[in-house]
Structure formats: structure tokens, C-alpha cells
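Presented below is the structure to which this report refers.
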Protein chains: 2
Amino acid sequence: MAARITTQQKILNAAEALFARDGFEQTSLRQITHEAGVNLASVNYHFGSKKALIQAVIARYLSVFMPALEEQLNEAEAQKDLKTQALFERFKLPLAKLTQINKRGPDTFLRLLGFAYSEIQGHLRKYTQQEYGNVLQHLLQLLKRTNPHLDEQQMFWRLHFVLGSVVFAQVSGQALIEIAQAEFNQQIGAQDVIDQLIPFVSGGLENS
Amino acid sequence: MAARITTQQKILNAAEALFARDGFEQTSLRQITHEAGVNLASVNYHFGSKKALIQAVIARYLSVFMPALEEQLNEAEAQKDLKTQALFERFKLPLAKLTQINKRGPDTFLRLLGFAYSEIQGHLRKYTQQEYGNVLQHLLQLLKRTNPHLDEQQMFWRLHFVLGSVVFAQVSGQALIEIAQAEFNQQIGAQDVIDQLIPFVSGGLENS
DNA sequence: AATTAAATTAAACGCATGTTTAAATCATGC
DNA sequence: GCATGATTTAAACATGCGTTTAATTTAATT
């Protein structure tokens with residue numbers, strides 16, 4: 001059991017690609033298993049259910065992303081004169097690290113996140129909160145530091161608006177990228193979208 | 001054919017409520033027809049297909065909202081010293097007008113819009129562009145006026161981020177409102193969310 | 001090599017969906 | 001009041017889904 005790709009991995013790889021492209025509900029197990037070249041029943045054999053497969057796909061990314069983000073937040077913590085935008089820039093490295101899972105890992109992860117938030121409402125939120133709640137708390141604390149003029153309620157809403165922008169940018173991302181490319185005659189990648197996004201969410205969050 | 005509610009209207013009313021609550025794909029024709037107290041087959045008889053029903057539901061709102069928005073934009077056009085935030089505030093009145101369709105019309109419309117954008121990817125965008133493209137062009141032109149420091153590409157992306165925030169706020173809105181109410185011990189409505197949203201999108205769009 | 005456990009396979013199950021059919025009912029104009 | 005067209009109805013259709021079953025094949029252990 002060394003370099004050969006197991007059935008489990010084949011399923012995970014095919015599933016994450018299709019989930020990221022079409023969403024969870026729009027992707028059937030028959031599509032996934034066909035793409036992976038494995039039997040339909042093997043999903044339920046190895047993962048138990050489709051829901052569990054979705055969770056496994058997301059968990060694989062979170063397990064890389066979250067620790068890297070935590071490290072970045074610790075560095076930000078020590079930083080003097082921390083600015084909101086600089087804080088958001090800290091997301092770029094953890095995101096880039098996801099290439100170790102997949103060449104298009106960063107794109108994939110953000111799109112998965114987008115679908116997860118818009119499709120399975122409370123489920124992922126609860127899981128993330130439970131597994132990585134401390135990291136998110138840390139982020140909130142730092143944002144309060146860079147934005148002492150916002151009260152609890154403003155911060156609550158704006159954080160969710162930020163999340164909404166990110167999620168939307170990714171879910172509608174591919175379509176928008178294609179429109180943008182046609183309109184501006186240049187190659188555009190997910191990284192460019194992030195670079196456009198950061199000043200937007202920074203400005204939105206900070207605004208008095 | 002005077003004051004009595006026709007089958008078509010019964011279907012539209014039931015459909016828009018369920019669509020707004022659960023999304024288009026999550027709502028079955030059987031749910032809709034049961035709620036409306038009409039026969040299952042009457043949807044296909046009166047509208048042709050589920051897709052056409054969705055379009056009819058959205059079109060009913062757009063036909064009220066868009067002309068009202070156009071009027072607001074014309075007023076803004078004449079305004080001296082137009083600010084981005086003031087421009088976004090112009091959305092409130094057209095939105096409020098939707099109560100003439102339904103008491104909870106504004107909420108319903110925004111949630112429908114949210115689901116429309118996240119579920120049926122290109123379809124609605126094309127329809128809106130075709131039917132009300134001139135209004136949206138007008139909005140874009142005014143935004144360029146209030147933000148001359150942004151180039152075409154920045155404006156393109158930020159406009160879509162704004163849209164994303166709005167859409168997300170509404171789709172995740174009810175869940176978030178409940179969390180917020182529990183956390184801050186006060187009654188919160190869709191209008192409050194809009195009030196929180198406007199400074200966010202204004203700040204995000206303007207940021208240099 | 002024989003035994004046992006793990007993994008894979010083809011097939012079927014049960015269910016829910018949107019849509020279509022064809023008969024029954026209703027309303028309308030002559 | 002009857003005939004005609006519009007509407008409503010109950011039932012079935014076709015399809016796709018996640019899941020389960022039971023038999024077969026593969027791999028590991030003794």
C-alpha cells in the first residue's frame with residue numbers, strides 16, 4: 001500500500017472536482033464513481049453515505065488550511081500597527097498551501113466552501129465551529145483590534161458579509177471570470193479575484 | 001373574473017413563498033400545489049414547466065422593482081455631489097414598493113434573487129440583462145461617477161462583490177437573524193440587515 | 001495451500017421528482 | 001339548454017437518485 005492510489009482516494013479526488021464544479025446536490029454518486037472508475041456501491045462501503053463523503057472532502061482541506069491560518073494569525077498577533085487589510089492578506093498563504101492537496105486546490109477549496117454555505121445551511125457551520133472554533137475566535141479578536149470603532153453587532157454582520165462576498169465570488173467565480181476575460185481581453189485566475197476581493201472586504205469592514 | 005383568486009395566482013403565491021423559504025430546487029411542485037390547494041398538473045397546464053413557473057415568479061417582482069429603481073436613478077442622476085452610499089440608499093424605496101405584491105415582498109424578492117443567482121447560474125442573469133439591461137447600465141454609469149478612481153476592471157469585480165454580499169445576506173439571512181437575535185437579545189428584521197449592509201458595500205466599493 | 005477477512009461488483013430496492021395522459025367537470029356563448 | 005372550449009382531476013409514466021443486498025473476486029494470514 002505505497003504509491004498506488006486506493007479506491008478511497010480515487011473517490012475523494014473525483015468527488016472534490018465535481019463538487020467544486022457543480023455543487024453537492026447537483027453531483028450524483030453515479031457521476032462521481034463513473035469519473036473515478038470505481039463501482040457505485042464503493043462510496044457507501046468506504047464512506048457510509050453521500051453526506052459523509054461531502055464531509056470527508058471538506059475535512060481534507062480544512063485540516064491543511066486551518067492550522068496554516070492559525071500560524072498566520074499568531075504572527076499577526078505579534079504585529080504592531082495591524083491593519084485590517086494586512087490581516088486579510090494573511091489568508092493568501094494558507095490558501096496557497098492547498099496546492100499540496102491538488103494543483104487547483106485553492107480554487108477547489110473556496111468553491112467547496114461556497115457551496116457548503118449555500119447548500120447545507122447549518123451543518124458545515126456547526127462542524128467548523130466545533131473543530132476549528134478557536135481559530136475563528138482568534139480571527140474575530142484580531143478584527144476587533146483593527147476595528148475598535150465597530151460595536152459587536154456591526155462586527156457580526158460585516159463578518160458575515162465578508163464571508164458572503166468570498167463565497168459568492170467563488171461560486172459565481174468561473175462564470176464571472178469568463179465574462180471578465182471576454183470583456184477585458186486578458187487571462188484572469190482565481191488569484192486575481194482574491195486580489196480584487198481583499199480591498200473590497202477591507203474597505204467594507206472598516207467603513208465607519 | 002373580478003376579485004376571486006385564480007388558480008394561476010394561487011400557484012404563484014404559494015410558489016413564491018416556498019421558493020423564498022427553501023430555494024427553487026428544494027421546492028417540489030407537489031409542495032407548491034398542495035400549499036395552493038390546487039391539482040399537481042395545473043402547474044404544467046398554466047405555466048408549461050417548473051422552470052417557467054420560477055421565471056414567472058421572479059418576473060412579477062422585477063416588473064415592479066425595476067421601473068421604480070429606474071425612477072430613483074433618474075433622480076440621482078440630477079443630484080449634485082452624489083455619493084456612493086446615497087446611491088445605494090436609492091434601492092430602499094423600490095424595495096419597499098414590493099409590499100404591493102406581498103406584505104413580505106421585499107424579503108421575498110431578495111431571497112428569490114439570492115437563490116436565483118446561486119442556483120440557476122446563467123439563466124436569470126441573461127433574462128435580467130435582456131429585459132432590464134438599460135437600468136443596470138444606468139446604475140453602472142452612476143457608480144462610475146461616484147467612484148472615478150476605480151478602473152473598469154475594479155468596478156466590474158466590486159459590483160459583483162456587492163451583489164454577492166446582498167444575495168448572501170438574504171439567503172443566509174434568516175439563519176443569521178436568528179443567531180443575531182439570540183446573541184444580542186433584540187428583535188431584528190430584514191430592514192435592519194439592509195441598514196447594516198449599505199455601509200459595508202459602500203465602504204467596500206469606494207475603498208482605494 | 002487453505003482459510004479468513006476485505007474489497008469489489010452487478011443488480012435491485014424504494015422513493016421522489018417533473019411531466020404527460022385521458023377522462024371528468026366547469027363555464028361560456030349561441 | 002346545449003354544444004363547445006377551457007379547466008380541473010386522478011392516475012400513471014419515465015427518470016434519476018441514494019442506498020442495500022448478496023454474490024464474487026481479491027488480498028492477507030496462518
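Since this is a predicted model, take the numbers as computed values, not measurements. So you know, we letter chains A, B, ... as the sequences are listed, proteins then strands, and number each from 1.
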Calculate the interatomic distance between [X] atom [atom1] and [N] atom [atom2]; express it in whole Å.
X       : N      : atom1 : atom2 : answer
B/Lys50 : D/dG16 : NZ    : C1'   : 14 Å
B/Gln26 : C/dG18 : CD    : P     : 11 Å
B/Leu29 : C/dT20 : CG    : P     : 12 Å
B/Asn44 : D/dC13 : CG    : C1'   : 13 Å
A/Ile11 : D/dT19 : CD1   : P     : 13 Å
A/Gln9  : C/dA7  : CD    : P     : 13 Å
A/Phe47 : D/dT20 : CZ    : C1'   : 18 Å
B/Ile32 : C/dA16 : CD1   : P     : 17 Å

Should B/Gln181 and B/Gln187 be marked as a side chain to side chain donor-acceptor pair (under 3.5 Å) after you check the CA-CA gap, both sets of side-chain angles, and the distance that decides it?
CA-CA 6 Å; B/Gln181 283 185 161; B/Gln187 197 62 27; 3.2 Å; yes

Partner residues of A/Gln72 under the side chain to side chain donor-acceptor pair (under 3.5 Å) criterion, sequence neighbours left out
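Counting only residues at least two positions away or on another chain, A/Gln72 forms a side chain to side chain donor-acceptor pair (under 3.5 Å) with A/Arg90.
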
What's the angle between the local helix axes at either end of the helix from C/dA1-D/dT30 to C/dC30-D/dG1, using five pairs per end and rounding to 10 degrees?
0°

Taking the six-membered ring for Trp, are B/Phe65 and B/Phe109 closer than 6.0 Å centroid to centroid?
yes

Please check if the number of heavy atoms outside A/Glu71 that lie under 6.0 Å from its CD is greater than 12.
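No, not enclosed.
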
At under 4.0 Å between heavy atoms, what does A/Thr33 touch on the DNA or RNA strands: base, sugar-phosphate, or nothing?
nothing

Verify, without hydrogens or angle tests, whether B/Arg158 (side chain) and A/Phe200 (backbone) share a donor-acceptor contact under 3.5 angstrom.
no

Side-chain donor-acceptor pairs of residues 52-62 of chain A under 3.5 Å, sequence neighbours excluded:
from: A/Arg60; atom 1: NH2; to: A/Asn13; atom 2: OD1; distance (Å): 3.1
from: A/Arg60; atom 1: NH2; to: A/Glu16; atom 2: OE1; distance (Å): 3.0
from: A/Tyr61; atom 1: OH; to: A/Glu16; atom 2: OE1; distance (Å): 3.1
from: A/Tyr61; atom 1: OH; to: A/Glu16; atom 2: OE2; distance (Å): 2.8

Between A/Gln85 and A/Glu206: side-chain donor-acceptor atoms closer than 3.5 Å:
no

State whether A/Ser28 places a side-chain N or O below 4.0 Å from either non-bridging phosphate oxygen (OP1 or OP2) of D/dG16.
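For D/dG16, OP1/OP2 do not have a side-chain N/O of A/Ser28 under 4.0 Å.
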
What residues, two or more places apart in sequence or in another chain, satisfy salt bridge (Lys or Arg N to Asp or Glu O under 4.0 Å) together with B/Lys92?
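For B/Lys92 the salt bridge (Lys or Arg N to Asp or Glu O under 4.0 Å) partners, ignoring immediate neighbours, are B/Glu89, B/Asp195.
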
Nucleic acid footprint by protein, nucleotides 5-12 of chain D - heavy-atom cut-off 4.0 Å, B for base, S for sugar-phosphate alone:
-SBBBB-B

I'd like a table of donor-acceptor pairs (distance under 3.5 Å, sequence neighbours excluded) in which one partner is a side-chain atom from residues 35-45 of chain B, with atom names and distances.
from: B/Asn39; atom 1: OD1; to: B/Ala41; atom 2: N; distance (Å): 2.9
from: B/Ser42; atom 1: OG; to: B/Asn39; atom 2: O; distance (Å): 2.4

